[in-house]
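Read through the structure below, which is laid out as structure tokens, and then see the notes.
Throughout, a chain's letter reflects where its sequence line sits, starting with A, and its residues are numbered from 1.
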There are 2 protein chains.
Amino acid sequence: MNIKSLHHFLALAQTLHFGRASEEANISLSAMSRHIRQLENELGVPLFTRDNRSVALTPEGSAFETYARETLSRWDQLKKELSDSSENLHGEISLYCSVTASYSILFDLLNRFRPRFPDIDIKLQTGDPEHAISRVLAGDEELCIAAHPASLPKTLYFKPITKSPLVFITPINPNDKDIPTSQPKDGQHWAQVPMILSQGGIARTRVDQWFKTLKVTPRIYAQVAGNEAIVSMVSLGLGVGVVPKIVLDNSPLAQRVRTLPVTPTLLPYELGLITAKRNLKNPLVEAFWSVVDAPEPLL
Amino acid sequence: MNIKSLHHFLALAQTLHFGRASEEANISLSAMSRHIRQLENELGVPLFTRDNRSVALTPEGSAFETYARETLSRWDQLKKELSDSSENLHGEISLYCSVTASYSILFDLLNRFRPRFPDIDIKLQTGDPEHAISRVLAGDEELCIAAHPASLPKTLYFKPITKSPLVFITPINPNDKDIPTSQPKDGQHWAQVPMILSQGGIARTRVDQWFKTLKVTPRIYAQVAGNEAIVSMVSLGLGVGVVPKIVLDNSPLAQRVRTLPVTPTLLPYELGLITAKRNLKNPLVEAFWSVVDAPEPLL
DNA sequence: CATGTCGTTTCATTTTATGCAACATGAGGT
DNA sequence: ACCTCATGTTGCATAAAATGAAACGACATG
């Protein structure tokens, strides 16, 4: 059974005349005859009674006529639906990012993504930035927003979105005499400053490196998981922290801390979009990608 | 679109692997690839995203999967319905006969037809026997039960069911001195008998012929349309009638009249089934035909 | 009995489908 | 960096199917 045969059948069912039906269907009379016969063989029942003077539907033919109409209209409907739906890019895309990134970067990103691709649904998963890359590697997520890691697996692709400097922050109201209000003069001073640092991750690596160039072993007051918590602790006056500026910009506690200019400055945090290279062919991922390409500056 | 392609599509949608899907569908891998591509071309949208390592349904593919399942199950259902319905002969057949025939012949006929072909509906039209043949000729009815006419059109076919003698009937209580109680001796007697005859039709032709061989001009007391009315008038004692015996057998007035043996006897009425020759190919007509063929005697 | 109509069948040709093999791509291992 | 394997696609020659023209067969009509 195929769509054409159904059309031919209906032409014949209407005209009850092979000649006129075949003309209507733009095929030869013999093709019409064979199409009908083939349908009948396939179904195992005659659809028309023909003697040389007249053609009439059998009861089965009548039932088949109903079927044929239904099936054709269903097919047309499907084609219409599918072509409608394919006019706009659509589907679902999964994205993983940290809570902070969801506030700052993702907000801008989605503000521009949504109007351009209103039919792409985003499945957003927020969580520990550490897991971002592994989840993309495992295929759990198609995209993530993360800082460029020290070493990026070959199968992944990184697209920078923005850089955010790592800044030192001090409390407005220090709780400890060793907390400086301006940049400490030398390494000796630095060694006394109570530091509140990330437990790990890029920021921590950078800070460690920074102290190493000063030849100072920092006094670590607290190691914290999550940049937001660092801002929180610093605002309480417990020490000096190091966080990406973007975290500060989005922190409700930003008023309670102050950035501390330091030299040399730390290498900035490089935030970007990460996906598995194979996903780059996925039109939905491409769409997301294109938004990042967009000329409008993000910050 | 055809049934096969749908099956192939579903195989691929399930396995998401061209190799295994093609194996399942018993076609080559390349055929599978091209079938899917053809479907996609036909619909104008991709159904699968494929990179060399993986195959996945697009949103459109997912919609099409639903469609494919529905369509296939609908098709199977139809096939089942049609083959079920074709196990027994069924449909509608139209039949015309006189009221008398419907009492006598049709009753026996249907008693045997119904159990053998319970799914054939009969559209029965009763009416004047004169119209029977013309209605079949015109195609208004497929069958009729009628007496074999003097000349049967070539396009019609007659199948005898039974013969019924034409009998003379006399009243039990005659109302007229010229009504004989036994066979009149000679033509002169016959010429005085008040006759009640059909207005026309075969019976009348036969009676006219009969009187002609006796070289008698009959005294016609009444010409009547309808054999039943003849019985009625005879029973009232108004004269001698001639009717097919079968009419008498089914008449409620049979007790009020008596058959009058005569020589020579009239040629019997030949009752049978009539249809247009072209209808003989119609399996429903054939079915009816076969019941008449049946060995069981009708009378 | 000739004629015209109409569906079926035959036959040569064209179109389409098919499988095999070569190819292209990309992942994973060495 | 290179090889190998897995996998889908494409080219090509062949096989299968569909097609239209014409012959055919059946049958009603004049």
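- Using cut-offs of 30° and 60° for the angle between ring planes, the B:W75 and A:F64 rings count as perpendicular.
- Counted by atom type alone, A:S5 and A:N2 present one or more donor-acceptor pairs between their side chains at under 3.5 Å.
- A heavy-atom distance below 4.0 Å to DNA chain D is reached by these residues of residues 38-49 of chain A, ordered by number: A:Q38.
- Between the C1' atom of D:dA28 and the CG atom of B:N279 lies a distance of 14 Å, rounded to the nearest Å.
- The separation between A:N2 atom CG and C:dA17 atom P is 10 Å, rounded to whole Å.
- Rounded to whole Å, atom P of C:dG7 lies 12 Å from atom CD of A:E23.
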When the side chains of residues 125-132 of chain B are checked against the rest of the protein, which donor-acceptor pairs come out under 3.5 Å, sequence neighbours left out?
from, atom 1, to, atom 2, distance (Å)
B:D128, OD1, B:E130, N, 2.9

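- Under the 4.0 Å criterion applied to side-chain N and carboxylate O atoms, B:R69 and B:E65 are assigned as salt-bridge partners.
- For A:I27 and B:T155, each mapped to the nucleotide of DNA chain D holding its nearest heavy atom, the one lying further toward the 5' end belongs to A:I27.
- Nearest heavy atom pair, residue A:T162 against residue A:I105, reads CG2-CD1, 4.1 Å.
- Here the side chain of A:R278 is nearest to one of C:dT18, D:dT19, C:dA27, namely C:dA27.
- Nearest-nucleotide positions on DNA chain C for B:K4 and A:K154 put B:K4 closer to the 5' end.
- The pair B:R74-A:E70 meets the salt-bridge criterion, with a side-chain N (NZ, NE, NH1 or NH2) lying under 4.0 Å from an Asp/Glu carboxylate O.
- Summarising the geometry of A:I133 relative to A:C144, their closest heavy-atom pair is N-SG, 4.4 Å, with the distance given to 0.1 Å.
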Taking N or O atoms only and anything under 3.5 Å, show me the protein contacts with nucleotides 8-11 of chain D, one pair per line.
from, atom 1, to, atom 2, distance (Å)
D:dG8, OP1, B:F18, N, 3.3
D:dG8, OP2, B:F18, N, 3.3
D:dG8, OP2, B:G19, N, 3.3
D:dT9, OP1, B:R37, NH2, 3.3
D:dT9, OP1, B:R50, NE, 2.7
D:dT9, OP2, B:S33, OG, 2.7
D:dG11, O6, B:R34, NH1, 3.4

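- Ring-centre distance between A:F48 and A:F9: below the 6.0 Å cut-off.
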